[in-house]
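Note sheet for the following structure.
So you know, we letter chains A, B, ... as the sequences are listed, proteins then strands, and number each from 1.
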2 protein chains.
Amino acid sequence: MITTADHTMTRMPGDERRQQIIEEAVRLFSVNGFRGTTTKQIAAAAGISEAMVFRHFANKEELYAAILDHKACQHDLGDPLEAVSEQIANKDDWGVFHGIALNALRKHREDQNFFRLLLFSALEGHELARMFFESSVTGMYEALGSYIKTRQEDGAFKQLEPKAVVRAFVGMLIHHSLTTMLFDPGQKILKMTEEEAAHNFATVLLEGIKK
Amino acid sequence: MITTADHTMTRMPGDERRQQIIEEAVRLFSVNGFRGTTTKQIAAAAGISEAMVFRHFANKEELYAAILDHKACQHDLGDPLEAVSEQIANKDDWGVFHGIALNALRKHREDQNFFRLLLFSALEGHELARMFFESSVTGMYEALGSYIKTRQEDGAFKQLEPKAVVRAFVGMLIHHSLTTMLFDPGQKILKMTEEEAAHNFATVLLEGIKK
DNA sequence: TGAAGTGAAGTAAGTGCTTACTTACTTCCC
DNA sequence: GGGAAGTAAGTAAGCACTTACTTCACTTCA
């Protein structure tokens, strides 16, 4: 028998195997999409037979839902500005934007697979992915938007629509991650470290909105 | 016989039919992706039998390539800054950024289908789509980047990496179109006209980079 | 103590349906 | 009557999912 993975034949308790299937599925879905990935491929990647996939998940859709559940927990969904709470308290505007940018760029790089998967499913029209995307984006809009509003009231920022400003900022970050991921994985077009990118984006935005 | 389109049964000369197949395919590919669209669906949408699709295109891949070819011509690929050439000559910075923004947002709305299709194929790893995306993005990077460089030499703009500035700007625009398309088609989250969005983005960017 | 039984983890070999693509044939216009 | 435009009815491969069976660690109780 030919096996593709060295963990074949080693019996594992149910939950570990479940996790393993989920992880391989994330990898494959993120590369080929939901429709472009077969249950056979997933099984092979996990080093088990296809039937075992269906012992752990009623069907392909349920496996997919399990991935989103798992990832949603993993990605906290707590306060999106938690990492820069200190800067916010100090009204250190540059620190806030720089911190958010650096944080977001790092997160995107670390979980490119999940990022791709989300995009795929948003395009494929999967409800759960849509909800996840929507709620996490909405959270950022509200949190950062209210900070901008506060600073406008302080007279520190121009009177631009806060949501538009957030969209501009989030746009810089997501587009940067997306372009790098899809077209410039080797960072050959734009030779720039994460730190430099975050610095540039924070500078452009802050200078653009402060009075 | 049940037909889904009113043009069934009317004989058309070859090229017209070819165009029609391409148009229906664009619509379907953009909604369901390449893998998620069947040749039967395309045939039904065009009101012809599946065999006719294969009379016009050797296989599904060739149909896909024909779409990109067709769209690539349609989308000119001339100077990406042609529409704002006057503002560039006058060094009307705000006019340049505002014009580009308005132009891009309009184009994206008008050709959402093609935009979705491109994203799908970038994710699915289709070489041609990759090339199209890459060349059009690269064109913008070079054209706008060189304008920014000129204005930096004039002493009008700050010494930020031009490519990073372009990426920030393009990011605002693409992210706005993408988010609107995927999650906010009814414009309920961000109630903002194209003109307002372009105004905001141009202001944020220009104020962020000018001295 | 050890044979008998239990159940979870595993598989090989299907099933029926869908897919891209083909073939053999018809219709209709010039 | 020849050729382009069209079709109905395939075919082989691939898909999600099932079935019928095996393996083996671990109880249970005569």
Within this structure, what is the [atom1]-to-[atom2] distance between [X] and [N], rounded to whole angstrom?
| X | N | atom1 | atom2 | value |
| --- | --- | --- | --- | --- |
| Phe29(A) | dA16(D) | CZ | C1' | 12 Å |
| Glu16(A) | dA9(C) | CD | P | 11 Å |
| Met52(A) | dT23(D) | CE | C1' | 13 Å |
| Ile48(A) | dA12(C) | CD1 | C1' | 15 Å |
| Ile21(B) | dA5(D) | CD1 | P | 11 Å |

* Asked: Do His70(A) and Gln19(A) get their side chains close enough for a donor-acceptor pair, meaning under 3.5 Å?
  -> yes
* For Arg18(A) and His56(A), test the side chains for any donor-to-acceptor distance below 3.5 angstrom and give the result as yes or no. => no
Of all residues at least two apart in sequence or in a different chain, which pass the side-chain contact (heavy atoms from CB on, under 4.5 Å) check with [X]?
| X | result |
| --- | --- |
| Arg27(A) | Glu24(A), Asn113(A) |
| Gln152(B) | Ile148(B), Lys149(B), Phe157(B), Gln159(B), Pro162(B) |
| Gln41(A) | Leu28(A), Thr37(A), Thr38(A) |
| Glu196(B) | Met192(B), Thr193(B) |

Atom pairs, N/O to N/O, protein against nucleotides 11-13 of chain D, distance under 3.5 Å?
none

* To do: Only counting residues at least two apart or in another chain, list the ones meeting side chain to side chain donor-acceptor pair (under 3.5 Å) with Arg55(B).
  => none
Going by ring-ring contact (aromatic ring centres under 6.0 Å, His included), name the residues that satisfy it together with [X], two or more places apart in sequence or in a different chain.
| X | value |
| --- | --- |
| His175(A) | none |
| Phe120(B) | none |
| Phe183(B) | Phe133(A) |
| Phe34(A) | Phe29(A), Tyr64(A) |

* Asked: Any donor-acceptor pair under 3.5 Å between the side chain of Arg17(B) and the base of dA5(D)?
  -> no
* Helical bend (five base pairs per end, nearest 10°) for the helix from dT1(C)-dA30(D) to dC30(C)-dG1(D) -> 10°
* To do: Assign each of Arg55(B) and Arg55(A) to its nearest nucleotide of DNA chain C by heavy atoms, then name whichever residue's nucleotide is nearer the 5' end.
  => Arg55(A)
* Structure fact -> Expected string for nucleotides 16-22 of chain C under the B/S/- scheme (protein heavy atoms, under 4.0 Å, primed atoms plus P, OP1, OP2 as sugar-phosphate) is ---SBBB
